[in-house]
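Here the structure is laid out as structure tokens; the discussion comes afterwards.
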Amino acid sequence: MNIITSAKEMQSLVSEIRTSGKSIGFVPTMGYLHEGHQKLLNEARSHHDIVVLSIFVNPLQFGPNEDFDRYPRDIERDEKIAKEAGVDYIFYPTVQEMYPNDMSVKVMVTDRTDVLCGKSRPGHFDGVATVLTKLFHIVMPHKAYFGLKDAQQVAVVEGLVRDFNFPLEIVPVETVREEDGLAKSSRNVYLSEKERFEAKELYQSLLKGKELIENGEHNPAKVMEAVRKHIQEHTSGEIDYVEIYSYPELKKLEELKGKIILAIAVKFTKARLIDNVIINV
Ligand code: AMP
């Protein structure tokens with residue numbers, strides 16, 4: 001396994017790999033790897049000759065009052081996990097390498113960002129789309145693997161790839177959870193012991209909503225209210241949103257039908273956690 005910090009060097013490596021007829025699977029991350037990332041790496045490993053993992057905490061996707069500075073980082077631990085997962089190359093650039101001072105273009109996402117995390121985190125998805133545009137050009141993968149824990153991100157990135165004709169395929173991967181149901185996240189380390197205990201209720205609230213829908217409740221307001229109530233009764237977290245939309249369009253629904261997403265974001269003292277379930281009604 002090699003660690004590459006230069007975009008030019010990465011590009012020349014992947015050009016050679018592509019010329020030799022090998023396929024490249026790509027897993028973009030912000031590091032501090034956990035089993036969620038590992039699942040994406042395993043998927044990539046089982047479908048490609050070469051697996052590239054990128055580790056880059058992208059300042060463009062963090063708002064001014066968010067956790068860019070204190071986002072957890074541990075490259076040595078990540079290297080070990082990546083090696084065990086059979087990664088061939090880690091692309092690990094500095095902020096200066098990705099965003100030299102003279103940059104003059106950013107990507108702006110114009111659809112699906114007025115809801116959920118796009119609404120709570122203005123500019124977040126522009127930052128995601130900008131960094132991925134760069135990473136896709138640097139890594140030139142045949143397929144890129146993304147977790148459905150960030151389902152809005154998957155929808156936005158599919159739009160980016162389609163609208164800008166990137167010659168690659170996006171592969172969505174199911175959310176990996178702790179034994180008690182909490183979605184694995186690099187930010188879980190910021191939960192206090194009490195909050196970690198409560199945090200399992202986030203997934204329970206989603207399951208409650210799902211069950212209501214499966215038992216015939218088609219009124220989104222009623223489902224959202226039940227989910228909200230469960231979170232309020234079982235956690236000390238502050239609800240950022242509990243919402244239901246069509247998926248992947250992310251349009252408001254008067255009545256639940258088709259493929260929908262029930263998504264939540266809850267702020268604990270030092271961590272804002274998100275989770276969702278996608279349901280075929
Ligand atoms: P991050 O490092 O948080 O930016 O995540 C990198 C990739 O891993 C994204 O595609 C995430 O959706 C995915 N991911 C994060 N947590 C999970 C999880 N619990 N299960 C599956 N994929 C995940």
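For ligands, and for the atoms within them, numbers begin at 1 and follow the listed sequence.
- Listed by number with element, the atoms of ligand 1 under 4.0 angstrom from any heavy atom of Pro28 are 6 (C), 7 (C).
- Aromatic ring centres of His142 and Phe26 lie farther apart than the 6.0 Å criterion allows.
- Ligand-side atoms of ligand 1 in range of Phe146: 10 (O), range being under 4.0 angstrom from any heavy atom.
- Of the protein's non-hydrogen atoms, the one nearest atom 20 (N) of ligand 1 is Val176 N, 2.8 Å.
- Of the heavy atoms in Glu174, only backbone atoms (N, CA, C, O) come closer than 4.0 Å to ligand 1.
- Looking only at heavy atoms of the protein, atom 4 (O) of ligand 1 is closest to Met30 CG, 3.5 Å.
- Under a 4.0 Å heavy-atom criterion, His34 is in contact with ligand 1.
- A pairwise comparison of heavy atoms in Lys149 and Ile274 identifies CE-O, 3.7 Å as the closest pair.
- If you look at Lys184 next to ligand 1, the close heavy atoms, those under 4.0 Å, come from the backbone and the side chain alike.
- Partner of Asp88 under the side chain to side chain contact (heavy atoms under 4.5 Å, CB included) criterion, chosen from Ile24, Val51, Val52: Val51.
- Protein heavy atom in closest approach to atom 13 (C) of ligand 1: Leu40 CD1, 3.7 Å.
- Salt bridge Lys229/Glu225: absent, no basic N to carboxylate O contact under 4.0 Å.
- Which parts of ligand 1 touch Thr29 is read off a 4.0 Å heavy-atom cut-off, strictly below it: atoms 2 (O), 6 (C).
- Tyr99 and Phe56 have tilted rings, their planes meeting at an angle from 30° to 60° on a 0 to 90° scale.
- Scanning for side chain to side chain donor-acceptor pair (under 3.5 Å) contacts around Lys184 gives Glu35, Glu178, with sequence neighbours left out.
- Lys251 and Asp114 are not joined by a salt bridge, as no carboxylate oxygen comes within less than 4.0 angstrom of a charged side-chain nitrogen.
- Closest protein heavy atom to atom 12 (O) of ligand 1: Asp150 OD2, 2.5 Å.
- What sits closest to atom 10 (O) of ligand 1 on the protein, heavy atoms only, is Gly147 N, 2.9 Å.
- For atom 3 (O) of ligand 1, the closest non-hydrogen atom on the protein side is Tyr71 OH, 3.8 Å.
- Backbone and side-chain nitrogen or oxygen atoms of Leu148 are examined, and none is located within less than 3.5 angstrom of a nitrogen or oxygen of ligand 1.
- No donor-acceptor contact under 3.5 angstrom links the side chains of Glu97 and Thr5, judged on distance only.
- Of the possible polar contacts, one joining the Gln152 side chain to the Arg112 backbone as a donor-acceptor pair under 3.5 Å is found.
- Considering backbone and side-chain atoms alike, Val173 places every N or O at 3.5 Å or more from each N or O of ligand 1.
- Some N or O of His37 is nearer than 3.5 Å to an N or O of ligand 1, by distance alone.
- Under a cutoff of 6.0 Å and an axis angle of 45°, Arg177 and Tyr203 form a cation-pi pair.
- Side-chain contact between Asn101 and Gln96: present, with at least one pair of heavy atoms (C-beta onward) separated by less than 4.5 Å.
- Near Thr175, with a cut-off below 4.0 Å to any heavy atom, the atoms of ligand 1 are 19 (N), 20 (N), 21 (C).
- Contacts with ligand 1 closer than 4.0 Å are made by no heavy atom of Ser186, backbone or side chain.
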